[in-house]
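Here the structure comes first, spelled out in structure tokens, and everything after it is commentary.
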Amino acid sequence: MGREKHTACESKQHFSHPHILKLINPAKSATLTCNACEKTNITNKPNFYGCISCQYFLHENCLNVPRFLDHSSHPSHHLTLLPLPTYSSRSYTCDACGSNGNGFSFSCARCNFDIHMHCALSPQTVVLSQHHRHELKLIFESPFDDENTDFVCDLCQDKVDLNNWLYYCADCDFGAHIKCASPDPSPTSQQRRNNVNANSAVEMINSVSDDHDRLVAAQIESQIAARSRQAMLDLW
């Protein structure tokens, strides 16, 4: 008997869109852009869901991102996943990487704090073995006491805005923009680096969710079995 095959769900509902999102043919999804992370589906992985009539599309991993997030960069309040910027400009400036965004964001309305979804799911540490021998830690503020310190990214050699997040090794004073330290989504990039990207973080969340669902199902099944046994005993 062969292994059970797990097929993707043909349709899903998401809070960000009023219509059912249907699984897109992989041959067509490569040219589409995800409304959440604003990235294309170059590798056809993960699955892509969308509403053709509205031209609204989401990676499966983006679709499964949690609605709320407690993040160490903003410990005062939890962050809420927003499908669209709430500002009149219909865009926001990411407090993590400093670039503009028009797609999904994790936001704190009280503090006007907004970060890209993929920035919010950046790993706490990365290993760039081809560039540095130590693990780099994700930090959320300047590691320097002097506000006038100039720092250059050790990967791209461009200046770093120290108001933004940074991957940094304090022992060696080695640092990099978060976008430089994260893997390029292109299939020709160095994807074998020991980084854990945003998709991996989401996959981990999904895995935990699946494990929880299986546990709940097992508990329900056990309760039903116990009740059935009790009912049989009562008949005796």
Side-chain angles (χ1 to χ4, degrees), residues 4-71 74 77-97 99-110 112-122 182-183 185-187 197-217 220:
E4 181 182 358
K5 293 183 179 180
H6 298 278
T7 57
C9 180
E10 292 295 325
S11 62
K12 293 190 177 186
Q13 183 73 60
H14 194 262
F15 77 94
S16 66
H17 194 72
H19 304 143
I20 296 294
L21 304 180
K22 296 183 178 180
L23 186 64
I24 303 297
N25 185 325
K28 299 179 180 180
S29 66
T31 60
L32 303 176
T33 299
C34 175
N35 284 72
C37 66
E38 303 177 77
K39 295 182 179 180
T40 56
N41 201 39
I42 297 174
T43 61
N44 290 326
K45 291 183 179 181
N47 293 316
F48 219 51
Y49 288 84
C51 173
I52 299 296
S53 61
C54 299
Q55 289 294 289
Y56 187 87
F57 305 99
L58 296 176
H59 290 116
E60 185 174 24
N61 286 349
C62 295
L63 187 149
N64 290 328
V65 168
R67 294 285 302 274
F68 303 100
L69 184 69
D70 290 319
H71 201 279
H74 195 73
H77 311 113
H78 70 251
L79 304 179
T80 302
L81 182 64
L82 300 180
L84 290 171
T86 57
Y87 305 106
S88 58
S89 62
R90 292 300 178 187
S91 66
Y92 64 91
T93 300
C94 177
D95 287 292
C97 68
S99 61
N100 292 333
N102 303 99
F104 283 26
S105 65
F106 275 106
S107 176
C108 173
R110 294 185 188 180
N112 289 330
F113 180 86
D114 308 275
I115 51 179
H116 290 117
M117 183 180 66
H118 54 272
C119 288
L121 299 174
S122 296
S182 298
S186 168
N197 61 15
N199 279 345
S200 298
V202 179
E203 287 167 359
M204 186 165 57
I205 291 170
N206 295 342
S207 176
V208 171
S209 178
D210 291 342
D211 289 342
H212 177 264
D213 290 344
R214 284 193 289 269
L215 177 60
V216 170
I220 293 173

Nearest 0.5 angstrom please: [X] [atom1] to [Y] [atom2], how far?
| X | Y | atom1 | atom2 | result |
| --- | --- | --- | --- | --- |
| Ser122 | His71 | OG | NE2 | 7.0 Å |
| Ser16 | Leu84 | OG | CG | 8.0 Å |
| His77 | Asp70 | NE2 | CG | 11.5 Å |

Discussion item. Parallel, tilted or perpendicular: which one describes the rings of His118 and His116, with boundaries at 30° and 60°?
Written reply: parallel
Would you check if the side chain of Asp114 reaches a backbone N or O of Ser107 as a donor-acceptor pair within less than 3.5 Å?
-> no
(Q) Using a 3.5 Å distance criterion without hydrogens, assess whether the side chain of Asn35 forms a donor-acceptor pair with backbone atoms of Leu58. (A) no
Quick one about Ser91 and Asn102 (side-chain donor to acceptor, distance below 3.5 Å, no hydrogens or angles considered), yes or no? no
Looking at side-chain heavy atoms only, is the closest gap between Lys39 and Cys34 below 4.5 Å? no
With Phe57 as partner, the option from Ile52, Leu21, Thr33 fulfilling side chain to side chain contact (heavy atoms under 4.5 Å, CB included) is Ile52
Determine the minimum heavy-atom distance between [X] and [Y], stating which atoms define it.
| X | Y | result |
| --- | --- | --- |
| Pro83 | Phe15 | CD-CE1, 3.7 Å |
| His19 | Gln13 | O-NE2, 3.6 Å |
| Gly103 | Pro85 | O-CD, 4.1 Å |
| Phe68 | Phe106 | C-CE2, 4.3 Å |
| Leu81 | Pro66 | CD2-O, 3.7 Å |

Thr93 meets the side-chain contact (heavy atoms from CB on, under 4.5 Å) criterion, sequence neighbours left out, with Asn100
Exercise. Given Tyr49 and Lys22, is the side-chain contact (heavy atoms from CB on, under 4.5 Å) satisfied, shown in steps?
Worked result: CA-CA 5 Å; Tyr49 288 84; Lys22 296 183 178 180; 5.8 Å; no
Contacts of Phe104 meeting ring-ring contact (aromatic ring centres under 6.0 Å, His included) (sequence neighbours excluded), chain-then-number -> His14
